[in-house]
Amino acid sequence: MSTERTLRQVIPGQPTSDGAGVKLSRSLGSQPGLRFDPFLMLDEFYTDEPSDYLAGFPAHPHRGFETVTYMLDGHMQHKDNFGNTGDLAPGDVQWMTAARGIIHSEMPQQSAGRMRGFQLWLNLPAAEKMKPAGYRDIASATIPSAALDGGGSARVIAGSVTQSGVRTDGAVLGGSTAPLYLDLHLPAGAVAGVPVPEGHNAFVYLYEGTASIGSEARALPLRGAGLLSDGDTLNVTAGANGARLLLIAGKPLREPVVQYGPFVMNTREEIEQALDDYRSGRFGREPVAA
């Protein structure tokens, strides 16, 4: 017997800005207590107005976690202090493991048009926070898609999904938190049943259309992180205009979280060390792992 996940809490998206003034909506992480282990933050950037994004995200540091950037529209370029450059076009993903330290910039490569996408912050366990930094640029064409039994499809960015006995593995597999990251595209009235590993913390984020969760048919608000109860199955029903939503899950770390801006460690002393390393230029001493 499967156990259905239900919608138990919604963290509404809050308008904010980051970088050099890029306007975005932040749900997870909008306040220090609004995390969902192992997830620290979720931002959505979505605008047709160039003045909202042109300033971009100039060089800034990270330590202790991973950033997952998923582009829907627009063109961003990543550069880091190790001399690497990566381009993100529509549908592309960058999975960056900041670990012991990286300094990078994320700058728009367009002067007009829509800029739209997401950035997720995924925590690392204490044992991995000081491993070498590294990242993967994942081209849209290499991200597999799975047909859903109830209609529609799922882009499988991380983890795997099984429908009608067929398993589709995502572009990213494994890791300490065994993340699942699906982009669900549902036509009007579709009812999708998606397996989610039991014991993983999971949430959904509706970014287009309307949808309801579970047999209780609880409506999912637009641009809010809907935290789910435990279970092994998510049942989601699309509304009259269809729905597009993210389903994200991961194994909780159950470790202390001490955060100071772009540094996420386990103790205050480790935060002070991160600040000292950054200020003294020690963030760039080791090469990024290929």
Side-chain angles (χ1 to χ4, degrees), residues 16-20 22 24-30 34-46 53 56-72 74-82 84-89 91-108 115-125 128-140 143 157-159 170-172 174-181 183 203 205 225 246 248-250 253 257 259-265 271 274 278 283-284 288-289:
T16 186
S17 65
D18 211 333
V22 177
L24 48 84
S25 177
R26 178 169 296 162
S27 49
L28 289 181
S30 55
L34 297 181
R35 306 186 185 102
F36 196 36
D37 186 16
F39 306 107
L40 302 164
M41 189 184 80
L42 179 68
D43 285 348
E44 180 184 6
F45 44 97
Y46 177 24
Y53 62 75
F57 303 89
H60 57 280
H62 293 293
R63 173 177 280 183
F65 60 98
E66 298 182 290
T67 67
V68 184
T69 305
Y70 177 29
M71 293 294 294
L72 296 180
H75 181 191
M76 295 278 280
Q77 185 178 75
H78 157 102
K79 289 186 177 180
D80 63 38
N81 59 317
F82 303 108
N84 298 298
T85 299
D87 286 301
L88 284 176
D92 293 349
V93 172
Q94 183 186 77
W95 199 291
M96 186 180 80
T97 303
R100 67 183 169 209
I102 197 167
I103 302 170
H104 78 149
S105 62
E106 300 155 289
M107 300 301 293
M115 180 72 72
R116 187 181 192 192
F118 307 93
Q119 187 169 96
L120 175 73
W121 286 16
L122 173 59
N123 204 7
L124 286 169
E128 297 178 19
K129 285 185 178 292
M130 294 300 288
K131 72 178 184 180
Y135 64 87
R136 288 182 58 189
D137 287 333
I138 305 167
S140 179
I143 298 174
I157 295 168
V172 174
S176 296
T177 56
L180 175 71
Y181 193 137
D183 181 8
F203 70 96
Y205 185 91
L246 305 179
I248 298 174
L253 295 173
V257 174
Q259 180 174 357
Y260 183 82
F263 307 130
V264 182
M265 304 301 289
I271 292 292
Y278 177 58
F283 258 47
V288 172

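FYI, side chains are in, hydrogens and waters are out, and symmetry mates aren't considered; it's all heavy atoms of this structure. In this chain, numbering begins with 1 at the start of the sequence shown.
Side-chain atoms of I248 and L180, non-hydrogen and from C-beta on, never get closer than 4.5 Å to each other. For the pair R100/P132, a side-chain contact is recorded, criterion being any heavy-atom separation below 4.5 Å from C-beta on. Put simply, the side chain of D18 reaches to within 4.5 Å of the side chain of L24, judged on heavy atoms. For the pair D80 and I103, the minimum side-chain heavy-atom distance is 4.5 Å or more. Side-chain contact check for F45 versus M71: some heavy-atom pair is nearer than 4.5 Å. Looking only at side-chain heavy atoms (C-beta outward), L120 and Y181 come within less than 4.5 Å of each other. For the pair R35/L28, no side-chain contact is recorded, criterion being any heavy-atom separation below 4.5 Å from C-beta on. Looking only at side-chain heavy atoms (C-beta outward), Y205 and L42 come within less than 4.5 Å of each other.
Between the side chains of Q94 and Y70, no donor N or O sits under 3.5 Å from an acceptor N or O. Side-chain contact check for E66 and W95: at least one donor-acceptor pair (N or O, by modelled atom type) lies under 3.5 Å.
A perpendicular orientation is assigned to the rings of H62 and F65, their planes being inclined by more than 60° (bins at 30° and 60°).
The shortest heavy-atom contact between A98 and A133 is O-CB, 3.4 Å. In this structure, R26 and G29 approach most closely via the heavy-atom pair CD-O, 3.7 Å. For the residue pair P108 and G56, the shortest heavy atom distance occurs at CD-CA, 3.6 Å. Summarising the geometry of P262 relative to P61, their closest heavy-atom pair is CB-O, 2.9 Å, with the distance given to 0.1 Å. In plain terms, the two heavy atoms of F203 and A225 that are nearest each other are CD1-CB, 4.1 Å. Closest approach of G19 to P58, counting heavy atoms only: C-CD, 4.4 Å.
Between I138 atom CD1 and L88 atom CG the span is 9.5 Å, to the nearest 0.5 Å. Between atom OH of residue Y135 and atom CG of residue N84 there is a gap of 3.5 Å, rounded to the nearest 0.5 Å. Atoms OG and CZ, from S27 and F118 in turn, are 9.5 Å apart once rounded to the nearest 0.5 Å. For the atom pair CG of L253 and OG of S176, the computed distance is 7.5 Å after rounding to the nearest 0.5 Å.
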Stepwise, does the side-chain contact (heavy atoms from CB on, under 4.5 Å) test hold for D37 with F39?
CA-CA 5 Å; D37 186 16; F39 306 107; over 6 Å; no
For M265 and M130, what are the C-alpha separation, side-chain angles and deciding distance, and is it a side-chain contact (heavy atoms from CB on, under 4.5 Å)?
CA-CA 10 Å; M265 304 301 289; M130 294 300 288; 4.2 Å; yes
Does the pair Y53 and M76 meet the rule for a side-chain contact (heavy atoms from CB on, under 4.5 Å), with working shown?
CA-CA 10 Å; Y53 62 75; M76 295 278 280; over 6 Å; no
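Side-chain N or O atoms of D92 include none that pairs as donor or acceptor with a backbone N or O of A139 at under 3.5 Å.
Aromatic pair F57/H104: ring centres not closer than 6.0 Å.
The only member of D137, V68, I102, L122 that meets side-chain contact (heavy atoms from CB on, under 4.5 Å) when paired with M96 is I102. Checked options H78, Q77, K79, Q119; the residue passing with E106 is Q119 (criterion: side-chain hydrogen bond (donor to acceptor under 3.5 Å, both in side chains)). Among E128, Q259, K129, the one residue that satisfies the side-chain hydrogen bond (donor to acceptor under 3.5 Å, both in side chains) test with N123 is K129.
With Y46 as the aromatic partner, R116 meets the cation-pi criteria of under 6.0 angstrom to the ring centre and within 45 degrees of the ring axis.
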